[in-house]
*Asks:* 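The following block contains the structure, expressed as structure tokens.
Counting begins at 1 with the first residue of the sequence.
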Amino acid sequence: MFEHIERVPGDAILGLIEAFKKDTNPQKVDLGVGVYRDAQGNTPVMRAVKEAEALLLKNETTKTYIGSHGDPGYGEVVLPMVLGEGSPVLEAGRASATQSPGGTGALRLAADFIAHHLPGKDIWVSDPTWPNHLGIFPAAGLTLHKYPYVDAENRLDFAGMLAALEEIPHGDVVLLHACCHNPTGFDLSREQWQQVLEVVRERGLLPLVDFAYQGFGEGLDEDAYGVRLLAEHLDEVIITSSCSKNFGIYCERTGCLIMVAKHAEQMENVRSQVAIVARENYSNPPAHGGAIVREILHSAELAAIWREELTEMRDRINTLRRDFVEALAPYGLDQKYACVAEQRGMFSYTGLQPEQVDRLRDEFGIYMVRSGRANVAGFSHDNLPYLAKAIAAVN
């Protein structure tokens, strides 16, 4: 019965991994894979995570199921991290948390919830957006559309975005990146978030906010500005949060679907339906990653260590962005690539064209996605001179 099944091309980024491994160039550079890396090219286990895991190993007494909504203690620490301590949304009982297998799992929960409970509503995503968005929502049966986000000059096209949002049919879902836009790195300013809020409210749209990189842009609270603005001023918002990046627990698959409703009773109705969606997807989420996050944020000492480590990672990335632009100055390319220093998060739409990316790979062993999207965490002070020289050669 499988004879008719055809082979499809593998994931482009995973293909880059294999090609990079086989490359014998001693100066090769991997800018493709979307994980944080330190100066030595490693994805380290954070000190706070190590200490939390030691406590869990010592004190854990069961491996039983944690329920479709996950560990309540996990939700208790994630909700204020996302919506803010003393949030009026939380005080009103308008929000609930459902632990999920990563931010990806939260997105699929949201997609299935929308497909089942909001039939006929389409979803709109930025162009470009995280490639997996293009698979998750249609797989759930949703019709997907795009709104402009980056123009031909590799700049944030906010005017085009806002104009498109103003034409979206009433009641449709619009996906917004809270911060550290993946793949471009271009984020909205506070003033632009205010304008988005007004359009969303006027058009009666349902915002679905993908919040995968909290703490990697400007800071934990700063990065949450748009999320909190929408949640506090709109009756209904869906938020998908991830702890993979800011806690460095990629393989533990630790995410959260946050539903915000008009009032507490409505939220309980929605929450009951989300439990069914989770049950039909995977029954219960994995427990270990959520337990790590709960352990860290319940401890003032571990939370302080974690915040310090997260600040170190964020500062390193932002410094590398500026240093990259400075490294191009001797070649007269610093203005052309100045946008890299203005962007935030791990990813950058560099403006490199597919043909230039191909040359960087073939001639210099520098690997990135053909769109020109680079993982800034792959930069280092050791490889920046080589990167700058190579980029100058293909310009």
Side-chain angles (χ1 to χ4, degrees), residues 33-67 69-86 90 97-106 179-180 211-224 240-256 258 284-320 345-346 375 377 380:
V33 183
V35 297
Y36 176 80
R37 288 176 174 169
D38 61 17
Q40 289 70 48
N42 302 315
T43 302
V45 180
M46 298 172 79
R47 299 189 302 276
V49 169
K50 278 287 191 183
E51 294 191 29
E53 287 187 306
L55 290 171
L56 289 174
L57 182 63
K58 178 182 177 182
N59 299 323
E60 192 173 47
T61 59
T62 183
K63 292 287 187 182
T64 191
Y65 293 120
I66 59 174
H69 284 298
D71 176 11
Y74 173 72
E76 289 172 4
V77 296
V78 169
L79 283 172
M81 180 178 73
V82 171
L83 295 173
E85 297 288 347
L90 297 181
T98 298
Q99 186 176 338
S100 61
T104 304
C179 69
C180 306
F211 201 8
Y213 296 93
Q214 185 175 7
F216 267 85
E218 299 291 342
L220 285 165
D221 292 322
E222 294 86 345
D223 292 347
T240 58
S241 172
S242 173
C243 292
S244 294
K245 290 83 178 176
N246 53 14
F247 286 84
I249 50 175
Y250 298 91
C251 68
E252 304 296 353
R253 311 310 301 131
T254 309
C256 190
I258 299 174
N284 282 240
H288 188 66
I292 292 170
V293 174
R294 181 199 66 217
E295 196 76 25
I296 291 173
L297 295 183
H298 273 167
S299 164
E301 180 182 355
L302 289 181
I305 295 172
W306 168 67
R307 289 190 181 93
E308 180 181 342
E309 292 181 277
L310 180 58
T311 298
E312 290 172 359
M313 291 192 291
R314 177 177 66 250
D315 288 349
R316 176 176 177 272
I317 288 174
N318 289 337
T319 298
L320 286 169
M346 285 199 295
N375 180 5
S380 73

*Asks:* For the CE atom of M313 and the NZ atom of K245, what is their distance to the nearest 0.5 Å?
*Replies:* 12.0 Å

*Asks:* Starting at CD of E252, measure out to CD1 of I292 and round the result to the nearest 0.5 Å.
*Replies:* 5.0 Å

*Asks:* Do the side chain of N59 and the main chain of L55 share a donor and acceptor less than 3.5 angstrom apart?
*Replies:* yes

*Asks:* Looking only at heavy atoms, what is the nearest atom pair of L56 and H288, with distance?
*Replies:* CD1-CE1, 4.2 Å

*Asks:* Set out, in order, the CA-CA distance, both residues' side-chain angles and the distance that settles side chain to side chain contact (heavy atoms under 4.5 Å, CB included) for F247 and L297, then state yes or no.
*Replies:* CA-CA 11 Å; F247 286 84; L297 295 183; 4.2 Å; yes

*Asks:* Minimum heavy-atom separation for Y36 to P44, with atom names?
*Replies:* CD2-CD, 4.4 Å

*Asks:* Between CG of N375 and CD1 of I317, what distance do you get to the nearest 0.5 Å?
*Replies:* 7.5 Å

*Asks:* Test side chain to side chain contact (heavy atoms under 4.5 Å, CB included) on T104 and R253; report intermediate values, then the result.
*Replies:* CA-CA 9 Å; T104 304; R253 311 310 301 131; 3.8 Å; yes

*Asks:* Could you grab the distance from atom CG of L320 to atom OG of S380, nearest 0.5 Å is fine?
*Replies:* 7.5 Å

*Asks:* Can you check whether D315's main-chain N or O pairs, donor with acceptor, with T319's side chain at less than 3.5 Å?
*Replies:* yes

*Asks:* Kindly give the heavy-atom pair with the smallest separation between V45 and V49, and that separation in Å.
*Replies:* CG1-CG1, 3.9 Å

*Asks:* Write down the atom of M346, the atom of G34, and the distance for their closest heavy-atom approach.
*Replies:* CE-O, 3.9 Å

*Asks:* Pairs in or reaching into residues 70-80: which pass side-chain hydrogen bond (donor to acceptor under 3.5 Å, both in side chains), with residues at least two apart or in two chains?
*Replies:* D71-R294

*Asks:* CD1 of I258 to CE of M81: how many Å apart, nearest 0.5 Å?
*Replies:* 8.0 Å

*Asks:* Where do S241 and V82 come nearest, in terms of heavy atoms and distance?
*Replies:* OG-CG2, 3.8 Å

*Asks:* I'd like to check the side chain to side chain donor-acceptor pair (under 3.5 Å) partners of R316; sequence neighbours left out, ordered by chain and number.
*Replies:* none

*Asks:* Could you measure the distance from the CD1 atom of I296 to the SG atom of C243? Nearest 0.5 Å is fine.
*Replies:* 9.0 Å

*Asks:* Which heavy atom of D223 sits nearest to which heavy atom of G215, and what is that distance?
*Replies:* OD2-N, 2.8 Å

